[in-house]
Amino acid sequence: MKSPISLGQKSLSQLPDDVCRPTYDRSQVTTGIVHVGVGGFHRSHEAFYTDLLLESGEALEWGICGVGLREADRRMATILKQQDYLYTLIIKHPDGGLETKVIGSIVDFLMGSDDPAAVIDRMADPGTKIVSLTITEGGYNVDPATGEFDASNADARHDIEHPEQPRLVFGFLTAALQKRREQGLPPFTVQSCDNIQHNGDLTRTMLVGFARLQNSDLADWIEREVCFPNAMVDRITPVTTESDIELLRTKFGIEDRWPVVCEPFCQWVVEDRFSAGRPDWQNVGVQFVPNVTPYEEMKLRLLNAGHSMLGIPGAVYGYRTIDECVRDDVFRRFLRQFFDVEVTPVLDPVEGIDLDEYKASLIERFGNPSIRDDVSRICLGSSSKLPVFLMPTIRENLASGGSIRLAALVIAAWCYYSDRQANRHGEPLAINDELKDELHAAAQGTRDDRLSFLRIESVFGDLVNNEQFTKTYAGMVDRIYQSPNMRRHMQDAMDG
Ligand code: CS2
């Protein structure tokens, strides 16, 4: 067999014919977008849409410069650089069909910790029109008690005192906006691509809150001049595995050290408010709408919550992937019942969307056997996901007298998971979460106080004071601790 071709600008023309690749002149592409947090999702979503747009040959000023702010980003920075910022997107269809597409829209990458000034300068450059973010639900530094910027965080305190050497994204954005203002440039748009309701509004509150601690005049200017469009983003992007790398090598003859895998489905619904113009993303399938709220709510409360409703009990039961959960009839019916009985009654109608079809399509997407989305990816960061994905549904059901049984069961399963750190067979389950220690300690308290886990205020707020919830929850905890056979408890919760 011929040896595989190392992915890079020079080798693009040698790739097999069935691999799509950029046909635009990448040497002419300039940075219009600076993106903070280049992981799998950015590369399957915004960079994918932007690559499609660059293919039209008329938008070469909209290239992307990636930015990493954490040491964990260094591996991505190094690999992308070695590959001239190219990577392969492997789109996996449910029937096993594969599409491979080399994406060329990322044209540069900077590490904030190596050279903060370079990142600030790039954001402040007149060519930059948008700074977009995928910093995860936990990255917004929200004080759970007030909903405002949490200034007690050590990095935040550092950034307030050292405006030129920031560590947090908000420090970088503020420094760059300050620079643009001094130079009489219009501000860039700050575009959040994280799974948070009103992600733009939240980013604005956090950034203005941070900036106010440094310079209140600048904070006023940001509040007045910068646009933060809300957006709903969607494409299931599992963690890349060694076997994906091997597949590219053996089946396509490509040596790519960090390809991205995703499902065929892709959606981006964005409010059309931009401070300094935007790419014509509408030409490549992005929807621009005046108000994204109903779309966001539908996606977060059904898709994202649905993932956790399978992934947490699935992990405890001993399943490895989401599609494995969906193939189990009990798990699949549990998910559908959660959608129909707990979410739908408290969801606002979404114009132009047939909710029945949407729910069915989610179950089909989750069941895509080629995606093999690991339950560990879903369980990761649950302490910042569930307050966004699941808590609003629970709160609204409690207020309206609706059902909370299925959600309570999953929270009880999460407590068991955090306590034992093992599945029902005793095999280890890692807690991968910023609140790891707190989750574990609170869950361990369950033996003496069955509501101990619910007392984590930053996750559950005052849920522990709701008797209707705690009664149901305590019963679920008892059963799971007696026997962690989640499948049986899911069946019982549906029956009861
Ligand atoms: C998942 C999301 O992280 C999670 O819990 O629900 O990453 C999900 O796959 C994406 O939002 C799909 O658009």
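Atoms within a ligand are numbered from 1 in the order they appear, just like the ligands themselves.
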Proximal atoms of ligand 1 relative to R235 (non-hydrogen, under 4.0 Å): 12 (C), 13 (O)

Closest to atom 5 (O) of ligand 1 among K385, M232, H307, R377 (heavy-atom distance): K385

Ring centers of Y473, F453 separated by less than 6.0 Å: no

Shortest protein contact, atom 2 (C) of ligand 1 (heavy atom only): N304 ND2, 3.4 Å

Close side-chain approach of S382 to I312, heavy-atom, < 4.5 Å: yes

Those atoms of ligand 1 less than 4.0 Å from some heavy atom in K299: 10 (C), 11 (O), 12 (C), 13 (O)

Short N or O distance, T237 and ligand 1, threshold 3.5 Å exclusive: no

N-O pairing of D194 and K385 below 4.0 Å: no

Ligand 1 versus D234: contacting region, heavy-atom distance under 4.0 Å: both

Neighbour count >12 (heavy atoms, 6.0 Å) for atom CD, E364: no

Parallel, tilted or perpendicular: rings of F288 and W281 (30°, 60°): parallel

